[in-house]
Amino acid sequence: MKVIAHRGYSGKYPENTMLAFEKAVEAGCDEIELDVHITKDGQVVVCHDEVLGRTVDGAGPVKDHTYEELRQMNAARLYPQLTEFERIPLFEEYCAWAAGQNISTNVELKTGFYYYEEIEEKTAEIVKRYGLQARMMFSSFNHVSLLRMKQLLPECECGALISRFGMGNAGYYCNRYGFECYHPDHTGVTDEILESCRRYGIRINAWTVNDMEDLAKAYERGYAGVITNYPLECREWLSKKE
Ligand code: G3P
Ligand code: MG
């Protein structure tokens, strides 16, 4: 079972920052999950929220700021004791770093609340520029974005993100649209979903698995991966199992 670091090692470090990504690799993760948006000046940027203020010391929507403005905001506002400042990374900067790491990446296209123009094309171009196709997968709650990624980078896998309500006949659905993986909220996986994914050969990567009981359940159910804020704790637990 793969350990996928959710927004990097976000349980202990400022999410979606290079620090959290570096710490996730040190923790022994197999893959890093991160979220992307488009800035006012058309740059692909790594951040979770559409609107700043929670983890980033700023205000207003990401789309209304240029990257020059965003890079001056502190993405570590929740960790004053740990670090003074972490910037919002460009996706390009992440890729330049990831090219030298022995990990894969799960890029979540944040097109569920606001649809960023050409986010798929811009993201694909960067992935190609850094030659990361073999180690990159895409996920989104907006499955039209995934269909577009399949057109642009057919060699990259896609995972359909689904809320805690789950989706009946998930395996058929993913298989029909060419999505290799089903990415459910870990609380929303029924026996029917498990069976359907098994029947169609669809792999399950569940989020966000942060406690040991849920980790054990994911392992027993044969998930392909867990998306977790605690990659070190998951890695240590798994190393005793595998
Ligand atoms: O990829 C799993 C998870 O990241 C989906 O939800 O809101 O944490 O991006 P969210
Ligand atoms: Mg995400």
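Predicted model only: the values in this text are computed from it and were never measured. Indexing begins at 1, ligand by ligand and atom by atom, following the structure's order. Index from 1, following the sequence.
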*Asks:* Can a salt bridge be assigned to the pair Glu125 and Lys122 using a cut-off of 4.0 Å between side-chain N and carboxylate O?
*Replies:*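 Looking at Lys122 together with Glu125, the answer is no, because their closest N to O distance does not fall below 4.0 Å.
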*Asks:* Sort by chain and number the protein N/O/S atoms found under 2.8 Å from the Mg ion (ligand 2).
*Replies:* Glu33 OE2, Asp35 OD1, Glu108 OE1
*Asks:* Is Phe141 atom CZ crowded by more than 12 heavy atoms from other residues, nucleotides or ligands, each under 6.0 Å away?
*Replies:* yes
*Asks:* Tell me whether Asp49 contacts the main-chain N or O of Thr55 through its side chain, where contact means a donor paired with an acceptor under 3.5 Å.
*Replies:* no
*Asks:* Any side-chain to backbone donor/acceptor pair from Arg77 onto Arg54? Under 3.5 Å, distance only.
*Replies:*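 Checking the backbone N and O of Arg54 against the side chain of Arg77, a donor-acceptor pair under 3.5 Å is found.
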*Asks:* Has Lys40 got more than 12 heavy atoms of other residues, nucleotides or ligands less than 6.0 Å from its NZ?
*Replies:*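 No, because the 6.0 Å sphere around NZ of Lys40 holds 12 heavy atoms or fewer from other groups.
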*Asks:* Mind checking the CD-CE spacing from Glu157 to Met137? Nearest 0.5 Å is all I need.
*Replies:* 6.0 Å
*Asks:* Show me, by chain and number, every protein residue that has a heavy-atom distance under 4.0 Å to ligand 1.
*Replies:*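 For ligand 1, the residues that come within the 4.0 Å heavy-atom cutoff are His6, Arg7, Glu33, Asp35, His48, Glu108, Lys110, Phe141, Leu161, Trp207, Ile227.
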*Asks:* For Glu15, which of His48, Arg7, His6 qualifies under side-chain hydrogen bond (donor to acceptor under 3.5 Å, both in side chains)?
*Replies:* Arg7
*Asks:* State yes or no: are the ring centers of Tyr79 and Tyr13 separated by less than 6.0 Å?
*Replies:* no
*Asks:* Are the aromatic ring centres of Tyr173 and His143 under 6.0 angstrom apart?
*Replies:* yes
